[in-house]
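The structure under discussion appears below in the form of structure tokens.
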Amino acid sequence: MSKKYRPWNVQQDFLLPPSLLDWLPEHHLARFVLEVVEELDLGPIYESYEKQLRGYPPYEPKMMVALLLYAYCTGVTSSRKIERKTQEDVAFRVLAANQSPDHSRISEIRRRHGAHFESLFVQMLKLCARAGLVKLGHVALDGTKLKANASKHKAMSYERMKQEEGKLREQVRHLLAQAEAVDAEEDARHGKGKRGDELPEELRRTRERLQRIRQARQALEAEAKAAAEADKGKDDDDDAPPPAQDLPGHTVPHTAEGKPTPKAQRNFTDADSRIMKKGASFEQAYNAQAAVDAAHQVIVAQALTNQPPDAEHLPALVDRVAAHLEEVPRKLSADAGYFSAKNVRWLESVGVEPYLATGRQKHGEAPPKVRGRPPAGLTPKERMVRKLATKRGKEVYRMRKAIVEPVFGQIKEARGIRALLRRGLKAAREEWALICATHNLLKLFRATAAA
């Protein structure tokens, strides 16, 4: 064989210790992640380990954070898949310095330090702002449904809970009576000295199901009562500004007397998640919110809730933009789900020019024609309809889809993150913060590579 080939020997030992970074191209994302991690303040994570003087040394927190950031950037969210990547993928091996943390350690750092992911998001956002990627000239809001780590078939309505609870109580009584009859027959046959106190398997399963349903019903009733009491303190005046401190948590549909409505549901796998409409179907999901800057599609505020409506979330998101960047957007656009007279008045009061759709425009229907100065006495909705019908209003609102909707496409389609792994509202919020932080990291990486 005369043809010469390049040398190939998988058992060849390195003659000198190589640098792991030599395995990656100069402008690889993993190299950029390592540079960014050096800029992040991970003090709170380190502090949690400083008090633990005994035991085997933990993995370096910077390494674990770098692994998580790179994994979510590339759409790898499973801790087991991340562990396997540290053995099979060159970039993951470089980030882990040829170590392979067990999936339980990866899962633990995500669970143990999830509360710091909001801080990582803010730090990443400020790095983007420092790089000139944030202008706050036009910010668009939107929400998307992210599938919860739970099946909708594991949810049960309050009405069905009461029905099932009655059936299971009757079934338990029947099984107990049947067991007593068997005991009596065995006592008559063998005498009373024989033990037979083991709980039958069918009775044990039925009792456990009854207990779970009873606990879920009681939890629904307690939440409905608390929500009804909170409603009594609310001001029904339409002119009052909406609460703007934070996104509301889960609220059980309830009556004025503080009882759950018959259709109020609770999921046995993830009790905080809700069944929400997603396209033409219904999913057990969370409502993920994002405020996106028009300049480079950087997420400037994010939040997650388990309430399907969007309107009540607008003030909190704008407040978060101001808290993160010490400035409010000059213009803000959002679809009809965010419109309310309260929201329009509140935005104008804080210096933000609103462009909020008031409803869906039917296909083929021409927008109203606007001429002259607006007449006096128009309601906020009528003024907004007139504003969006102007040439400027059309131009601004037309940009909304091009600003915010591609962000959800980049997360769900490009990275493949269509569902959350962690369960519970608090954990789901932490994971969404990490998803948004890595979205901004990718924007920063691409802007830096293009410079």
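Position 1 is the first residue of the sequence, and the numbers go up from there.
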Any side-chain heavy atom of [X] within less than 4.5 Å of one from [Y]?
X	Y	result
D89	R84	no
C73	L29	yes
R398	E395	yes
L21	L34	yes

So, does [X] use its side chain to make a donor-acceptor pair with the main chain of [Y] at under 3.5 Å?
X	Y	result
D142	V404	no
E413	Q410	no
N287	Q307	yes
R320	Q302	yes
Q289	D310	no
S340	N343	yes
R112	S48	yes
E431	L421	yes
R423	T269	no

What pair of heavy atoms forms the shortest contact from [X] to [Y], and how long is it?
X	Y	value
T86	S100	OG1-OG, 2.9 Å
A30	Y70	N-CE1, 3.7 Å
V298	C128	CG1-CB, 4.2 Å
R110	Y72	NH1-OH, 3.0 Å
F339	A357	CB-O, 3.2 Å
K387	P354	NZ-O, 2.7 Å

Can [X] and [Y] be counted as an ion pair, charged N to O under 4.0 angstrom?
X	Y	result
E405	R400	yes
K426	D272	no
R383	E348	yes
E38	K62	yes
E353	R392	yes
E283	K145	no

Evaluate the criterion side-chain hydrogen bond (donor to acceptor under 3.5 Å, both in side chains) for residue pair S107 and R80; output intermediate values, then yes/no. CA-CA 9 Å; S107 179; R80 283 177 169 81; over 6 Å; no

Under 6.0 Å from the NZ atom of K278, do we count more than 12 heavy atoms belonging to anything else shown?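 Enclosed.
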
More than 12 heavy atoms of other groups within 6.0 Å of R105 CZ: no

With side-chain hydrogen bond (donor to acceptor under 3.5 Å, both in side chains) as the criterion, how do D270 and Y286 come out once you've worked through the C-alpha distance, each side chain's angles and the decisive distance to 0.1 Å? CA-CA 11 Å; D270 184 350; Y286 285 98; 2.8 Å; yes

In terms of the angle between their ring planes, are H324 and F121 parallel, tilted or perpendicular, with boundaries placed at 30° and 60°? perpendicular

Worked verdict on H138 versus Y397 for ring-ring contact (aromatic ring centres under 6.0 Å, His included): CA-CA 10 Å; H138 182 182; Y397 188 76; 9.0 Å; no

